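Letters go in sequence order (proteins before strands), and every chain restarts at 1. Because the structure is a prediction, the values reported are computed rather than measured.
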Amino acid sequence: SSDDTSDNPLEGEKAETGTVVVGSNNFAESTLLADIYGEALRAKGLKVSYKHNIGSRETTYGLMKNGSITVLPEYNGSLLAYLDPEAGQESTEAVNEAVKAKLDKKLTLLESSPAEDKDSVSVNAGTAKKYGLTAESTLADLKDIAPELVIGGSPEFQTRRQGLKGLESVYGLKFKSFKALDAGGPLTQAALSGNEVQAADIFTTDPTIVKEKFVVLKDPENLFGFANVTPLVHKDGLPQEGVDALNAVSAKLDTETLLDLDARIQLEKQDPLDVARAWLKSAGLD
Amino acid sequence: MSGFFDIPSDLQHSWAGLIGLHMREALLPVAAGLLLALPLAQVCGRFRWLYPPVLGVTTVLYAIPSLAFFVVLIDYTGQTELTVMIPLALYSLVVLVPAIVDGVRSVPDETLAAATAMGFGPVRRYLQVQLPIAAPAIIAGLRVATASSISLVSVGALIGNQGALGNLLAAAQKYDRPELAVNSVLTMAALAVLCDALLVLLRVLLTPWMPRGGSRRKPAARREELTPEGAVR
Amino acid sequence: MNVLNFVNAFFSDSAHWQGYDGIPQRFWEHVQYSVLALAVASAIGLPVGLLTGHTGRGGNALAFIANAARALPSFGLLVLAVLLIGFGLLPVMIPLVVLAIPPVLVTTYEAVRSVDPAPVDAARGMGMHESRILFQVELPVALPLVLSGLRSAAIQIVSTATIAAYVSLGGLGRYIIDGLYQRDYEKVVGGATLVAVLALATLALFWAAGRLAVSPGVRRR
Amino acid sequence: MIRIDSVTKRYPDGTVAVDRLSLEIPDRSITVLVGPSGCGKTTTLRMINRMVEPTEGTILLDGEDIQRQPVTTLRRSMGYVIQNAGLFQHRTIVDNIATVPRMLGWGKQRARERAAELMERVGLDTSLAKRYPYQLSGGQQQRVGVARALAADPPVLLMDEPFSAVDPVVRKGLQDELLRIQDELGKTIVFVTHDIDEAITLGTMVAVLREGGRLAQYAPPAELLSTPADGFVEDFLGADRGIRRLSFFPSAPLELTTDAVVPADAPAERIAAVRSPYLLVTDPDGRPLGWAERDRPTAGTIGTIEAIGTGRLLPYGRPFVPGADSLRVALDCAVLSPTGWAVAVDDEGRVTGVVSQQTIGEAIRAAHSAGRAEDEKAAG
Amino acid sequence: MIRIDSVTKRYPDGTVAVDRLSLEIPDRSITVLVGPSGCGKTTTLRMINRMVEPTEGTILLDGEDIQRQPVTTLRRSMGYVIQNAGLFQHRTIVDNIATVPRMLGWGKQRARERAAELMERVGLDTSLAKRYPYQLSGGQQQRVGVARALAADPPVLLMDEPFSAVDPVVRKGLQDELLRIQDELGKTIVFVTHDIDEAITLGTMVAVLREGGRLAQYAPPAELLSTPADGFVEDFLGADRGIRRLSFFPSAPLELTTDAVVPADAPAERIAAVRSPYLLVTDPDGRPLGWAERDRPTAGTIGTIEAIGTGRLLPYGRPFVPGADSLRVALDCAVLSPTGWAVAVDDEGRVTGVVSQQTIGEAIRAAHSAGRAEDEKAAG
Ligand SMILES: Nc1ncnc2c1ncn2[C@@H]1O[C@H](COP(=O)(O)OP(=O)(O)OP(=O)(O)O)[C@@H](O)[C@H]1O
Ligand SMILES: Nc1ncnc2c1ncn2[C@@H]1O[C@H](COP(=O)(O)OP(=O)(O)OP(=O)(O)O)[C@@H](O)[C@H]1O
Ligand SMILES: [Mg+2]
Ligand SMILES: [Mg+2]
């Protein structure tokens, strides 16, 4: 609703010159990725500080623009959907180009990693059984069922194109109601497994999908598009060796790895920073 | 890593650090509120017609949820401690203004008349007679405001790591670690109790002139128990 | 950036007036949560406050309990309750009730304690039973203060019930939380306005209750 | 009869409020407990209706231990009146008064009628019935308190400093009212006060208590004044004992002289016949105008008392009414009069005679020796 | 001198609290304002230190309009004492008393010394200096109030019902204390009370006000008692006017008889020589033992008064001290005595003579006519 936040005095503490501020959104994977970026930069001798748990993209984008944050882990397709809700998404490269075109002049995307973590509409095991949904089912199959289902997701899911709006316009889905939860976090997981909601916005890297036997519905129209982990950076804030470091990280990070790291945090309760450092070490990036 | 005092790295503070942060975010607003409330209460005491509308306005302010306050303020003060502290200061006004006004009004007419008759000017009378006698009522107000403030800081977690110990609550959810929430709640409760005890101690130190113990029958002794019910959320 | 513009925009959007996320529905949910929480808190606080106030015993324990309850952060309790209990109304009711008990309890206790001892003495001297003294002598006189305690609790509940939205329940807090994440100020301000309106309505309700229930002899009017 | 039998009250904190007190409280009379603050008056009174339980000793009501009956029954058989009345501020006056009858199960209508009747009895206008206590003056509230205590017609009335919060003038009125009510209803009243004057005015019997709840003296007020048991009681009675005691002697036996009473228009012979040095001049209706000095010529002829018009008559002070007033009033009149003679008048204020201070003095002595003779008879 | 000149006070709500009041308050004496509740006493008093500003009229202090000086200066030159003392509950006793001196810039040490001195003056133990008001009894608090008002040695003292909240015994003590202090310090005191007895006890001049703040009478107390201006004042004065007025006549002029005073061991001739019907028997030191009746043989020989041992002497009531006591006390003693004779003693309690009620009556008349003569001189 408010893309135009340039006149907002979202000043925060302006980054100290020479310090790279790495931000993150308010979910665990974002924190982990931020830690990975930050530690990788630190390994290159840069001064790094963190600004974690900021909130939704709606908030973080403003902070990126005014330079409060230098680096933010992003998902290219989701970012594009935010910047240009109507844009189609054909390939990672195309998406990245489109994003760069739409981005504020001071911002840019670095190279995307193969690791992908998309929004998805998943249904819980009970619902899947009731309506005969399988791993092969698509969102289009929900057309008749949707009016009987309550869908859950983060509050912003309600108003985003990569959310209720797109589900309606692209697949013609009209759900019974929407229940605002969190960004694929514990609330959503719990609500879905407890059948508070029958369908929910779950990130595809979420380890609970396997654990709770959620069924992820296929998205043939690419509504949720591509969601490659990609660093969004402020052009002035990051020196070249930083750019190189982050590109190196992207090169090594794939979906498999991301799933593994997420599981370590969510299921094994390890600290994201420790997980990040351990992975960087194992990947030889420290 | 899943211990009671293992604070997730993204909070960027140790447990003790969070406590320090929390106290700062909770107590500065109360102090600011007191500084604001004193002149405001004095004005309300002076112009009695002003008191009801001031009470009305503060009550409405007090009905506005803290989160809404925070969100609206973000646009002006950014994602900073200040955003959390401004509403808290306003909330403390809601408790402190009536506490001071009532406290000052509770000074017996005879005492005031005696002071006036001795040639006390209005300022001197306020500072040397009314305020000291209102001290127990003011401290009672401070007790409520402080407890409330300590509790409310935690909501700051929702606007991006600005909730000090409250951030533990967000982390508890994010990482599904209930013990962090327990830690957060207990620590905040302990801080509130501690501050309360300190304020009681302060009251005892400031008011050697109040009857103690057995003489509960006297009305003066009753006052201290009568904590104003304000913005405890 | 004008708050009034937001309010205006929010209320003039007809989409905000219907459906599961419409104002009537959210308002009604909010009222339900508030009434339930106040009812539970009163069911605990009133009898205990009346009894301790009447006997004058247990005042210190009561003050301690009330202060301890005040020290518990509502938001923290909510998160904790959700983590431990899971979803539903219960985890929301816990912080709201804990929040409302101190004002109800302490004010009721104080209200009964501060009733002029002379009529109580006279009543006892007439051979009134203790329960009758409490309900027919002390309570009618204490009623204005008791109501003010309930009112204070009610307003705090109304304001705080917004946290229900944080754990995915409805109520007016929905607009505030959603607005925060959607960066939609109209919703935040609109929601806050609705909460304030509900609070004012609560005030009015208690004022009316006071007019109706409190004897003119106590009101002195 | 209420019999307090060697009763002791020790409070949990060790204070001995009442110490082996024994009293016999006669029926249908006012017994006053008086003494300095903290001497255990309230405690004693409250033991009678069991709002305080004695530590030792027993209290008998008509020969029966009060511990035997249910406490509420006992209390309902005793009216209780306290300082500031202790009215229920949330109830109207009529409902306040009707409290006990309603508690006893009377119908609303009957209880209200009774209340209205009592309002009249205690001197309250029934137009006040629908008011609330805050709308009444202190004295009126106190009257309501008395009416409320009388409502169920209890044989016993316990009154704890009921009039001490009202100002002296109102207080006097309330005392008179109480005496009148007592005359009419003949209750057994136990009355607590710390004001010795009130005790003497109201009491049929007065118990003077001293610190620690010990009985200093228990006697009718006249006896208290004439023969205080010890220095404590004497001090407590204060000055003017003698004169106050005269309140108990009637002025009726005084021999009045009419010789010196002369109408303003009396013929000269009548005036010449007066033997005393002063003449009390009356108007044609027989009301006193003032004293003229026989040997001191006034502005006009000696024969007709022209002094009247010139305003040179001496003031006659205040007159007394022989049947109604006591010797104390008569003496006061005499002392106030510049001539030393007191003027007696009838109910209408017409002079019935004059009496010299000396005659009053003799009457006082006679009263004394009559009292003494009685005492001796009683003793012998 | 304070001169209240045709002063009216109308409160904003229209109440006329004081209506064209004029009073001259003499220096170095106690002037009492007395009257029923709401008659404007407090308002009048407060206009003197400008806590209330008059609507009309002026008040002059030593000839100068009080409006002319700064209000705080005026107030600091006047002590103010009120009911319940109005102490600063948050300050110790010594600091309460030292308030005005400190405000006037005295050093701490000096102010405290002054406070200690004043505590002694008003009869407070200096060990109480460090206590807080709540730790004092009502009477002690009231003394602190007086001390505080006296602290800066102001020429004027305004007192508004200062003693009305304490019990009668303590009150008496405070009144005596005030008279003593006034004797020593000679302040100009304006004292408000609604108790006419207090007014008469304390006042050099008494102003009786009536409802609506109008002056009913302004006179010395003796004159008030002897010649009340109207029915209102008379009613307000209450009964016993005559006797109370005797307080203002000294008993010294009474002629004492020593003829009837006989030591217990007196020879028979001495007793035989007594002419009066009663003999006052004294012990060897000359202290009174009681009355014997001459014509009524006691248990032993008539010659020696054996009655003593047998306890059959009549009580002598209470004695009076001619120099110190008033005619009122003498009369009371006479009235109390079964013989009608009052016993006079010296400071040590030794009998100096006896006096009959009749003689006292004559003394009263003499006092009256002396008063009258003075009045006439003043009028003529
Ligand atoms: N509940 C109690 N606990 C302990 N001591 C008490 C209690 N009630 C009264 N006392 C003490 O017992 C003594 C007698 O009290 P009581 O009230 O009977 O006195 P009183 O003669 O009525 O005095 P007053 O004239 O002040 O009313 C006092 O010393 C009082 O302090
Ligand atoms: N501030 C005020 N505003 C309006 N009326 C007042 C005010 N103060 C006093 N009065 C009225 O003025 C009248 C005189 O009051 P004041 O206090 O002088 O009486 P008082 O003689 O001192 O009475 P009391 O013996 O009760 O103290 C009363 O009728 C009172 O109600
Ligand atoms: Mg008592
Ligand atoms: Mg007054």
Side-chain angles (χ1 to χ4, degrees), chain B residues 56 59-72 74-76 143-144 147-148 150-155 157-159 163 165-166 168-170 172-173 176-178 180-182 184-186 188-196 216-217 219 222 225-233, chain C residues 1 3 6 56 59 63 66-80 82-84 99 102-103 106-107 109-110 113-114 117 148-149 151-153 155-156 158-163 165-166 172-173 175-177 179-180 185 188-189 191-193 195-200 202-203:
Chain B
T59 306
V60 170
L61 275 183
Y62 150 57
I64 296 174
S66 48
L67 183 57
F69 246 127
F70 294 160
V71 173
V72 171
I74 288 180
D75 274 355
Y76 301 92
R143 288 173 67 184
V144 172
S148 156
I150 289 176
S151 156
L152 282 181
V153 166
S154 56
V155 182
L158 293 182
I159 58 162
L165 285 165
L168 279 179
L169 296 167
Q173 283 188 294
D176 192 20
R177 287 178 55 192
L180 290 182
V182 174
S184 170
V185 169
L186 289 186
M188 280 188 259
L191 288 180
V193 169
L194 186 75
C195 287
D196 198 56
R216 288 200 80 216
R217 280 194 229 153
R222 295 287 290 278
E225 305 299 325
L226 241 176
T227 34
E229 283 309 329
V232 207
R233 300 216 200 116
Chain C
M1 273 296 104
V3 170
F6 287 138
N67 268 337
R70 279 204 187 98
L72 292 174
S74 304
F75 179 61
L77 278 187
L78 173 75
V79 171
L80 192 59
V82 167
L83 286 173
L84 299 180
L99 174 79
V106 172
T107 330
Y109 170 80
E110 272 305 329
R113 280 306 313 270
S114 58
S148 87
R151 185 189 62 206
S152 173
I155 296 204
Q156 292 179 41
V158 163
S159 171
T160 311
T162 47
I163 58 175
Y166 181 67
L172 296 170
Y175 297 125
I176 295 168
I177 299 265
L180 167 68
Y185 291 117
V188 175
V189 174
T193 309
V195 173
V197 167
L198 188 55
L200 287 177
T202 310
L203 277 184

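Put simply, of C:Thr202, C:Leu180, C:Leu172, the one with the most heavy-atom pairs under 4.5 Å next to chain B is C:Leu180.
Scanning both residues, B:Ser151 and C:Ser74, for their nearest heavy atoms gives OG-N, 3.6 Å. The heavy-atom pair separating B:Ala63 from C:Val195 by the smallest distance is O-CG1, 3.2 Å. Residues C:Thr162 and B:Pro65 approach most closely at CG2-CG, 3.4 Å, considering heavy atoms. Taking each heavy atom of C:Phe75 and B:Leu169 in turn, the nearest pair found is CD2-CD1, 3.5 Å. When all heavy atoms are compared, the tightest approach of B:Ala147 to C:Arg70 is CB-O, 4.1 Å.
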- request: Verify side-chain contact (heavy atoms from CB on, under 4.5 Å) between C:Asn67 and B:Val193, making sure each step is shown before the conclusion.
  value: CA-CA 7 Å; C:Asn67 268 337; B:Val193 169; over 6 Å; no

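You'll find the side chain of B:Val185 reaches within 4.5 Å of the side chain of C:Leu77, heavy atoms only. Using a 4.5 Å heavy-atom threshold, the side chains of B:Gln173 and C:Tyr166 count as touching. Side-chain contact between B:Asp176 and C:Leu83: present, with at least one pair of heavy atoms (C-beta onward) separated by less than 4.5 Å.
Residue contact with chain C, scored on non-hydrogen atoms closer than 4.5 Å, is absent for B:Leu165. For C:Leu78, no part sits under 4.5 Å from any heavy atom of chain B, backbone or side chain. Interface remark: C:Tyr175 contributes no atoms to any contact with chain B (heavy atom separation under 4.5 Å). Contact annotation for C:Leu200: only side-chain heavy atoms (C-beta onward) come within less than 4.5 Å of a heavy atom of chain B.
Here the CG atom belonging to C:Leu72 is positioned 8.5 Å from the CG atom belonging to B:Leu186, to the nearest 0.5 angstrom. Here the straight-line distance linking atom OG1 of C:Thr160 with atom CG of B:Leu152 works out to 7.5 Å at 0.5 Å rounding.
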